[in-house]
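Below: the structure, in C-alpha cells.
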Amino acid sequence: MRYLILLFFLAGISFGIAQPSGNNQVFGTVSYPHSSKKIKRGSGYNKDGTRMMHSDDPMAHPSNNIIVSLHPQSFEVEVKPMRDASITQKEQTFLPKVLPVTKGTTVYFLNEDEFFHNIYSLTPGSRFNIGRRPPGNPYPIQIKRTGLITLSCDIHPHMSGTILSLDTPYFERVDSEGRYKITSLPDGKYEMRVYYPDEKIQRRNIQINNGQLLEQHFEIKP
Amino acid sequence: MKRLMAFLFSLLCSIAASAQFELQWNADVHLELTTVGSDSDYFYNEISRRHRGLNFDLAQANAMATAKFGKNWALNTQVQIERKYGLRAGLFREFDFYDVLIPRLNIEWTANNPAWKILAGRVITPFGKFYAQQNFTERDLLQTPLAYSYYTNVSETVGLVDSLGEVYRENRDWGTPLLYRLGYTNGVQWMYQLPERFSCSVSLTSLPPNVTDDQLFSSRWAVMSRVTYKPAYFLDLGASFSYSPFLKRAEWNTELEDLSGFYQTLAGFDFQLGLGYFEWSGEVIGAWYKVPVFKVEEDIYAPEEDNPIDQIFSIAAYTDLKYEFPFLPGAYAVYRFDVLDFNKTINAEEEEINWDDRVVRHALGFGYKVNAYWDIKCAVATQEVAGRDWDLSMFRLMNSFHW
Ligand SMILES: [Cu+2]
C-alpha cells in the first residue's frame, strides 16, 4: 500500500512538470559584423615569449559560435545534463570557442596539442583550475550554475573560451550561413536569447501556439 | 621625447588605417601596503625605503600595435609607461615618477616558411627569460631576480670600484646589474622559431644588455644569442649568450686611451618543469668582465701590471617553486631562493677579496586572482649581503587592478 501511495505521488510529480503539448517552430537568421575587433585588452605575446598560435578551425571563429536559446516563461521544463560535451585545446585555441550546455552537464576538456595547457575559470559559482594538463587525458568538470563561464589558460593568456550554461533544452548553434531553426517547441511564452562571443546577450519575448512557424531575425552590432 | 611620442602617435594612426591592424593594451594600478627594511633601495632590492606605508599608483601601462603588410611584412610597436625606481608615489605626484619606454618599434620580415623571421629596430633584450618578467602582472613575487636588479661594483664608466655604491652614490653611478637594466635594445634579430618546440635567435644590438643608454648606434655593440628547446611537454630548456664591449667614455676615464678591450660576457641557462599544479623553474647566469680597476683613495686607475687578475666573474642563480592550490582556484604560493656571488680579486691594498659581497635572498609569495581584473598579491623577502648588517627585508601586500 505504502508503495502504491509513493507511486501515485511520483506520478503526480511527473504530471506536475509535464510540458504543455505543441509542435511549434522558431526560425530565422542572425547577422553579425564581418570584421573582428581591432582594439582589445591583452599582453601581446605568450609568457615564454613565443609567437602566439591561432587555429584556422571554423569553430574558432565567432560566426560559428552564435547560440540561440528559448527560455520558457509560461511553463516549467525539465532540463537534463547533456552527454558527450567537450572542449578541445588545439593550436592554442579553445574549440569550439563557445560551448552551449545544460546546467549540470559534465564537460570534458581535452588537450590535443603536444605541450601543456591549463584551464581555469574565475566565474563566481563555477571557479575551477585544472592545473597543467598534458596532451590526451580528458579532464571532467561539472557545470553547476547557469550563465556565461569564461575559460582561460594560464600558460597562453590570449586563449579564451566560453561555456554557455542554460536552464533550457531549447537551443541551437547558428549555422555558417547565419540561420537557425528550433523545432518541437511546446505552446507558451518564451524569452529568446542570442549570444555572440564577447557581446551582450540580446533578448526578446515571444509567444507561440498551435503548431506555429515563427520567424525571428537578429542583428549583432559590435 | 615629446617629438618622438608625436611621431609614434602619427605612425600608429597611419598604420591603424591599414587593413590588418590590431592594438592591444593593458594597465596595472596598485593599492599597496609596504614595510621595507631601513636600508632598502632601488639598487639593492628594487624598492626604496621611501616607499613605506600605503600607496596608490599606476605601476605600468602598455599599448602594443601590430600592422601587417601583405604576407611577409609587419610593423610592431609597444609603448610602456612604468613607475620609475620604486619611489614613493602618492595620488598627487609629478609626472617625473614615470618612465615612458618604447620596448618595441621594429619591422618584421617573415619568410614564406613562417619559422624564419628577421626583426630590425627596437626589440626586447633577447637574453634569458626577461619577457616573462617584463609586465608587472606576470611577476609572482613582485621583485625580479637579483641578477636583473642588484647593482654590483662594476660601473660602465669607471670600471671595477670597491664599494662603488657608497663611493659614487652622489655623483657618478651605482654600477650595473648583470643584465636587463633597461630591458630593451636596438638592433637586428634573426630567428628560427618552431613554437613550443625549438627556437634559435642571433641578434646584433647597439648596446650591452645591462646599461641604460639608449643609442641607436654605439661603439658598444653586443652580439646575443638564445636557444630554447622543449624535449618533452613538461620541460622547457633555454640557453643564452652575450658578448659586448662594455666601457663607455666619460670625463673621468680619459686616463684610459682605448676602451675597446674592456668587455662583458654573459652565459645563461634556464629551465622550467611543470607537473599538474606544480612548477619548478630556475636560471643560472655567469658574467665575466674585463674592466679596469679604479683606486678610489688615490683617484687613479691601477696600472695594468698591478692587476694580476684582469678578468672578474660573477654568478647568479635562482630557483622558483610554485604551487597552485587546487581546492582554492586562483590561489598560488611561490618560493624563490636567489643567490649572487663574486670571485676573488686583489684590491688596492693588495688583499685578496671578493670583488663584491655575496647576496642571498629568500622570498615567499602568495597570490589570489579574484577575477580577470583584480589580483591580490603578498610577498615577503629577506636579503643578506655578506659582511654588511643592512636591513633589506621586505613585506608588500598588494591589490593589483589591471585592465
Ligand atoms: Cu594553453
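Naming: A, B, ... by sequence-line order, numbering from 1 per chain.
Taking the ring axis of B:Tyr148 as reference, the NZ or CZ atom of B:Lys129 does not stay both within 45° of it and closer than 6.0 Å to the ring centre. For the pair A:Lys181 and A:Phe27, the cation-pi test (distance below 6.0 Å, angle within 45°) is failed. At least one cation-pi condition fails for A:Arg133 and A:Phe109: the charged atom is not both under 6.0 angstrom from the six-membered ring centre and inside a 45 degree cone around its axis.
Under the 3.5 Å distance criterion, with hydrogens and angles disregarded, no donor-acceptor pair is assigned to the side chains of A:Asn111 and A:Gln89. For A:Thr105 and A:Thr102, the side-chain atoms include at least one donor-acceptor pair closer than 3.5 Å.
Around the CZ atom of A:Arg83, the shell of radius 6.0 Å holds no more than 12 heavy atoms that belong to other residues, nucleotides or ligands.
For chain B, the option among A:Ser152, A:Pro135, A:Ser121 with the highest count of heavy-atom pairs below 4.5 Å is A:Pro135.
Proximity to chain A involves both the backbone and the side chain of B:Tyr373, based on heavy atoms less than 4.5 angstrom apart. Interface residue A:Phe116: backbone and side-chain heavy atoms are both found under 4.5 Å from chain B.
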* **Stepwise side chain to side chain donor-acceptor pair (under 3.5 Å) check, B:Trp374 with B:Asn399** => CA-CA 7 Å; B:Trp374 179 18; B:Asn399 279 284; 2.9 Å; yes
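Proximity to chain A among residues 271-280 of chain B is limited to B:Gln272, B:Gly274, B:Leu275, B:Gly276, B:Tyr277, B:Phe278, B:Glu279, judged by heavy-atom separations below 4.5 angstrom.
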